[in-house]
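Basis for what follows: all heavy atoms, side chains included, without hydrogens, waters or symmetry-related copies. In what follows, every chain begins at residue 1, and chains take the letters A, B, ... in the order their sequences are listed. Just so it is clear, the model here is predicted, and its values are computed rather than measured.
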2 protein chains.
Amino acid sequence: MARRSDHSREEIRQMALNAAETIVVAEGYKGLSARKVAGAIDYTVGTLYLVFDNLDDLVLQVNGRTLDALYEWLRARRAPDADARASLLALADAYIAYAETETPRWNMLFEYITDKGNALPDWYQMKLSKVFGLAEVALKPLADHRSEQEIQQAARVLWASVHGICTLRIRHRMDLAGGQSTGEMAHMLVDNFLQGFEA
Amino acid sequence: MARRSDHSREEIRQMALNAAETIVVAEGYKGLSARKVAGAIDYTVGTLYLVFDNLDDLVLQVNGRTLDALYEWLRARRAPDADARASLLALADAYIAYAETETPRWNMLFEYITDKGNALPDWYQMKLSKVFGLAEVALKPLADHRSEQEIQQAARVLWASVHGICTLRIRHRMDLAGGQSTGEMAHMLVDNFLQGFEA
DNA sequence: AAAATAATTGAACGACGTTCAGTTTGTTGC
DNA sequence: GCAACAAACTGAACGTCGTTCAATTATTTT
């Protein structure tokens with residue numbers, strides 16, 4: 001049954017992305033396959049390749065959605081009216097909570113590795129920047145005497161650091177040091193970093 | 001030609017690990033396959049499964065070697081006689097240099113993800129602890145008034161943070177904020193954190 | 001109604017991880 | 001020296017994978 005036109009190209013795209021998300025949540029990154037996605041939306045593999053360049057492209061699109069979801073999750077949980085310290089701690093906690101709640105989706109954000117030297121597309125970088133931006137906004141009140149650039153740098157350093165703690169913990173590369181939870185480690189980081197940054 | 005006894009089981013194991021490393025360096029994690037490893041050591045796939053449980057097991061063994069190599073790399077480059085700050089900066093720089101020099105091997109350390117909830121084996125955790133230990137030793141002179149546990153926690157937080165910066169940069173998840181290099185970001189982190197930690 | 005066009009299929013390709021019946025070799029007991 | 005046994009090793013087989021593309025079918029256009 002060719003040209004069913006039951007669904008537009010864009011509809012198929014969205015259906016495929018939904019199906020892919022469901023599969024990743026249920027079976028993890030490795031459980032994802034073109035045939036499974038196609039089957040889940042009642043199309044064949046061939047059709048998938050009309051809509052996506054390849055599986056990596058599909059994964060990248062799912063990741064794009066995940067970044068959007070992450071941004072909304074963080075925005076809903078930040079404490080914009082608190083002081084910088086509390087605000088950044090809220091962000092860190094929210095990030096960790098997202099990673100722990102949506103582990104398969106969050107994992108996929110970093111399991112997808114570009115070929116050596118090939119950067120991610122611009123639209124993807126912008127989504128990333130949007131997430132980083134939340135930390136910049138939170139950090140600003142603490143240091144409005146500093147340059148825009150310094151704040152951006154510090155925000156990214158902080159963000160990457162929280163991410164590092166989070167990723168090593170979730171992937172079992174760092175056992176609980178003295179019973180300290182992931183959140184407590186992140187707090188230790190933010191507290192000490194800010195104390196230095198304020199000085 | 002069965003039971004060639006040209007090589008002992010352990011020899012085959014080492015040959016396979018060597019071959020796997022070569023393949024990973026040349027073609028990356030995704031380029032690794034059982035057939036390629038077997039071919040490279042002039043055995044067949046079947047033999048590989050006498051020596052390793054499965055490909056994940058082989059990858060884990062390679063990662064174990066990588067952790068050993070990383071430890072030696074860091075040990076050779078640390079500045080044990082410098083003050084804590086300089087010592088930790090040297091470690092951070094060395095870690096970043098390793099990741100940038102041995103990117104495929106280093107990447108594989110984190111691309112291998114255990115099934116949900118399954119921790120890594122004890123021998124692997126010990127190798128990880130050994131690496132973390134370098135940071136603990138470097139940090140100790142700065143805070144010998146603090147408890148052993150506090151130092152361990154702080155060292156791990158610092159390490160994970162440097163790792164986070166490193167991984168986001170190498171995987172293109174964080175563009176150069178205002179032209180700041182990976183090393184400069186790590187320095188910013190260490191400097192500010194230590195200032196807070198000392199206080 | 002025929003021709004042109006677009007959408008969709010599904011078989012095909014080579015490669016993958018993993019298994020295991022079968023073959024070959026070394027070792028042991030006579 | 002020879003049979004019997006055990007260990008080492010093979011390679012074909014299974015099901016799955018990403019990806020391609022000639023063939024088929026449905027819609028539009030003429």
Side-chain angles (χ1 to χ4, degrees), chain A residues 1-24 26-63 104 108 111-115 118, chain B residues 1-24 26-63 104 108 111-115 118:
Chain A
M1 355 155 196
R3 166 102 94 138
R4 306 199 262 193
S5 72
D6 290 353
H7 307 102
S8 72
R9 215 141 246 240
E10 183 56 24
E11 277 173 332
I12 293 180
R13 223 182 76 93
Q14 297 301 331
M15 286 161 60
L17 293 178
N18 288 340
E21 276 173 0
T22 305
I23 293 167
V24 169
E27 311 176 38
Y29 180 54
K30 287 175 188 161
L32 191 69
S33 83
R35 278 174 246 262
K36 272 190 205 163
V37 172
I41 62 172
D42 270 312
Y43 279 85
T44 54
V45 248
T47 302
L48 225 50
Y49 282 82
L50 295 171
V51 176
F52 300 101
D53 295 343
N54 47 48
L55 251 214
D56 276 356
D57 182 29
L58 189 152
V59 169
L60 196 67
Q61 310 287 334
V62 173
N63 282 347
M108 200 164 79
E111 277 164 15
Y112 171 85
I113 297 188
T114 58
D115 294 337
N118 290 7
Chain B
M1 1 152 190
R3 168 103 91 140
R4 306 200 260 193
S5 75
D6 291 352
H7 308 102
S8 72
R9 214 143 246 238
E10 183 55 26
E11 278 173 331
I12 293 180
R13 224 184 74 94
Q14 296 302 332
M15 286 161 60
L17 294 179
N18 289 339
E21 277 173 0
T22 305
I23 293 167
V24 169
E27 312 176 38
Y29 180 53
K30 287 175 190 162
L32 191 69
S33 84
R35 277 175 244 263
K36 272 189 204 164
V37 172
I41 63 172
D42 270 313
Y43 279 84
T44 53
V45 249
T47 302
L48 226 51
Y49 281 82
L50 295 171
V51 177
F52 300 100
D53 295 342
N54 47 50
L55 250 214
D56 277 356
D57 181 30
L58 189 151
V59 168
L60 195 67
Q61 311 288 335
V62 173
N63 282 347
M108 200 164 80
E111 278 164 14
Y112 170 85
I113 297 187
T114 58
D115 293 338
N118 290 5

* **Nearest-0.5 Å distance that lies between atom NZ in Lys30(A) and atom CG in Asp56(B)** => 5.0 Å
* **Rounded interatomic separation in angstrom, taking CD from Glu11(B) and C1' from dC9(D)** => 16 Å
* Spacing of Arg35(B) atom CZ and Leu55(B) atom CG [to the nearest 0.5 Å] -> 10.0 Å
* To do: State, yes or no, whether a side-chain contact exists between Val62(B) and Tyr29(B) at a heavy-atom distance under 4.5 Å.
  => no
* To do: Mind checking Leu48(A) for me? I need base, sugar-phosphate or nothing, with any heavy atom below 4.0 Å counting as a touch.
  => nothing
* Measure the distance from CZ on Arg9(B) to P on dA7(D) and round it to the nearest whole Å. => 10 Å
* Distance only, no hydrogens: is a donor on one side chain within 3.5 Å (strictly under) of an acceptor on the other, for Gln14(A) and Asn18(A)? -> no
* Asked: In whole angstroms, how far is the C1' atom of dA6(C) from the CG atom of Leu50(A)?
  -> 10 Å
What's touching nucleotides 14-18 of chain D from the protein side, N or O pairs under 3.5 Å?
unit_1, atom_1, unit_2, atom_2, d
dC17(D), OP1, Ser33(A), OG, 3.3
dG18(D), OP1, Ala34(A), N, 3.4
dG18(D), OP2, Ala34(A), N, 2.9
dG18(D), N7, Arg35(A), NH2, 2.5
dG18(D), O6, Arg35(A), NH2, 2.7

* **Integer-rounded Å distance: dT8(C) P and Met15(A) CE** => 10 Å
* **Counterpart residues, salt bridge (charged side-chain N to carboxylate O under 4.0 Å, His left out), relative to Glu21(A) (two or more places apart)** => Arg65(A)
* How long is the span from the OH atom in Tyr43(B) to the CD1 atom in Ile12(B), to the nearest 0.5 Å? -> 4.0 Å
* Let me know the distance between CD1 of Ile12(B) and P of dA7(D), rounded to the nearest Å. => 16 Å
* Within this structure, what is the CG-to-P distance between Asp6(A) and dT25(D), rounded to whole angstrom? -> 17 Å
* To do: Report the distance from atom NE2 of His7(B) to atom C1' of dC9(D), rounded to the nearest whole Å.
  => 14 Å
* Asked: What's the spacing between Tyr112(B) OH and Asp57(B) CG if we round to 0.5 Å?
  -> 8.0 Å
* Thr47(A) side-chain N/O to dT9(C) phosphate OP1/OP2 under 4.0 Å -> yes
* Asked: Just how far, in rounded Å, is P of dA8(D) from CD of Glu10(B)?
  -> 14 Å
* To do: Answer yes or no: does a side-chain N or O of Tyr43(B) lie under 4.0 Å from OP1 or OP2 of dC9(D)?
  => yes
